[in-house]
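Structure, as structure tokens:
We count ligands from 1, going down the list as the structure has it; atoms in each ligand are counted the same way.
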Amino acid sequence: MKKEIILTGERPTGSLHIGHYAGALQNRIAMQNSNRFETFVIIADAQALTDNAENPDKVRENVLQVTLDNLAVGIDPEKSTIFIQSAVPELTELAFYYQNLVTVARLQRNPTVKSEIAQKERFRGGTPVGFFTYPISQAADITAFDAGIVPVGEDQMPMIEQTQEIVQKFNSLYGKTLVMPKGVIPENTAARRLPGIDGNAKMGKSLNNTINLGDSADIIAAKIKTMYTDPLHLCIEDPGHTENNPVFQYLMAFATPEHFTAFLPEYKDYAELAAHYERGGLGDVKVKKFLNEVIQEILCPIRKRREQLERDPNAIMEILHKGTIKARERAAVTVARVKKAMKLEYFV
Ligand code: ATP
Ligand code: MG
């Protein structure tokens, strides 16, 4: 039976962080290892340029970093195809055709694009067309591989909806050509949108509020020590708030009952710990110490693997090269199908 296809990936705008791990990578690895799917991992360098046009060096350097992160968490090039977006020009071609199927008003309503534009100082003088239309380019990335499943964090769900509308419109105008994708977000609600260490609603590479997968043990400890918590929880006895408190949201996303047994046996699980904090009588220092132990335990093996892989950048480029050749072949098949459906097939 033909395996269902997954398309997933990141923009090479910085090293990957625990928000990616919670929101997308964990799911991605589990799905890859289930052997029930065929996985394509896109390193979306062209999309990264839509808000980094003046900084091509940053994007280029991070292609390697993001690939290392993916391999370090367990993406296996024997099982998954990892590739570079800009080296698959078929994706640009598809995006060009899909532009006819989306209105300016619809893009303006996209809540993720709206909030990202509002956050970006560099767009004060105007938003680049490329950034404004990146949901269309994302629809091209997804449909080019006939992906039915797209594991993402919550911020990306509006993009999936936009892709679904494009697929619907394309298929109704030109006949059933494209596969309808579905977004998969984590079951754990805290993992869907991990907040930043500064209390910002989202940890984001471009927001300087991350704990990176490659951070050293000392850096992780220092970041957790200075992390934002409940500003109203001044004395240990004060009742605390776990909502909008990143320390608790991280614990909800990552702490398992095994972590409690190993590092904080006075509590059975997250619910017991959170209840004590909310009642009052539990200090931030103790909770942060536990969080540090949990995050260190998760990131230590990833960091070690990353350090090993980092020693041979040529091998990483070779993995990307092979993956890109395969991705191009697959995308070309879709482009041919799309052009035929749109009556753009001339010289066969
Ligand atoms: P940038 O700030 O450059 O947009 P980013 O941190 O948002 O970077 P992306 O490469 O845009 O990272 O996102 C890749 C994937 O990781 C997407 O599926 C996204 O939903 C998910 N993701 C990113 N940040 C988080 C987060 N804080 N919590 C959960 N999922 C996240
Ligand atoms: Mg993003």
**Message:** According to salt bridge (charged side-chain N to carboxylate O under 4.0 Å, His left out), does anything in residues 275-291 pair up with another residue at least two apart or in another chain? List the pairs.
**Reply:** Glu266-Lys286, Lys289-Glu293
**Message:** Within the 3.5 Å criterion, strictly below it, is a donor on Ser216 or Asp218 matched to an acceptor on the partner's side chain?
**Reply:** no
**Fill in**
Taken in chain and number order and not counting sequence neighbours, the residues that satisfy side-chain hydrogen bond (donor to acceptor under 3.5 Å, both in side chains) with Gln249 are none
**Request:** Classify the side-chain pair Thr324/His321 by whether it contains a donor and acceptor separated by less than 3.5 Å.
**Result:** no
**Request:** Not counting sequence neighbours, list each pair that qualifies as a side-chain hydrogen bond (donor to acceptor under 3.5 Å, both in side chains) and has a residue in residues 131-149.
**Result:** Gln47-Gln138, Gln85-Asp141, Tyr98-Thr143, Glu116-Tyr134, Gln138-Gln156, Asp146-Arg337
**Prompt:** Can we call the ring centroids of Tyr270 and Phe260 under 6.0 Å apart?
**Reply:** no
Are there any protein N or O atoms under 3.5 Å from the N or O atoms of ligand 1? List them with distances, or say none.
residue	atom	partner	partner atom	Å
ligand 1	2 (O)	Ser206	N	3.1
ligand 1	2 (O)	Ser206	OG	3.0
ligand 1	3 (O)	Arg11	NE	3.3
ligand 1	3 (O)	Arg11	NH2	3.1
ligand 1	3 (O)	Thr13	OG1	2.7
ligand 1	3 (O)	Ser206	OG	2.8
ligand 1	4 (O)	Arg11	NE	3.2
ligand 1	6 (O)	His17	NE2	3.0
ligand 1	6 (O)	His20	NE2	3.3
ligand 1	6 (O)	Lys205	N	2.9
ligand 1	7 (O)	Lys202	NZ	2.6
ligand 1	8 (O)	Lys205	NZ	3.0
ligand 1	10 (O)	Arg11	N	2.9
ligand 1	10 (O)	Lys205	NZ	2.7
ligand 1	12 (O)	His20	NE2	2.8
ligand 1	12 (O)	Lys205	NZ	3.1
ligand 1	18 (O)	Gly153	N	3.3
ligand 1	20 (O)	Gly153	N	2.9
ligand 1	20 (O)	Asp155	OD1	2.6
ligand 1	24 (N)	Lys202	NZ	3.3
ligand 1	24 (N)	Met203	O	3.4
ligand 1	27 (N)	Leu194	O	2.9
ligand 1	27 (N)	Met203	N	3.4
ligand 1	27 (N)	Met203	O	2.9
ligand 1	28 (N)	Leu194	N	2.8
ligand 1	30 (N)	Gly19	O	3.3

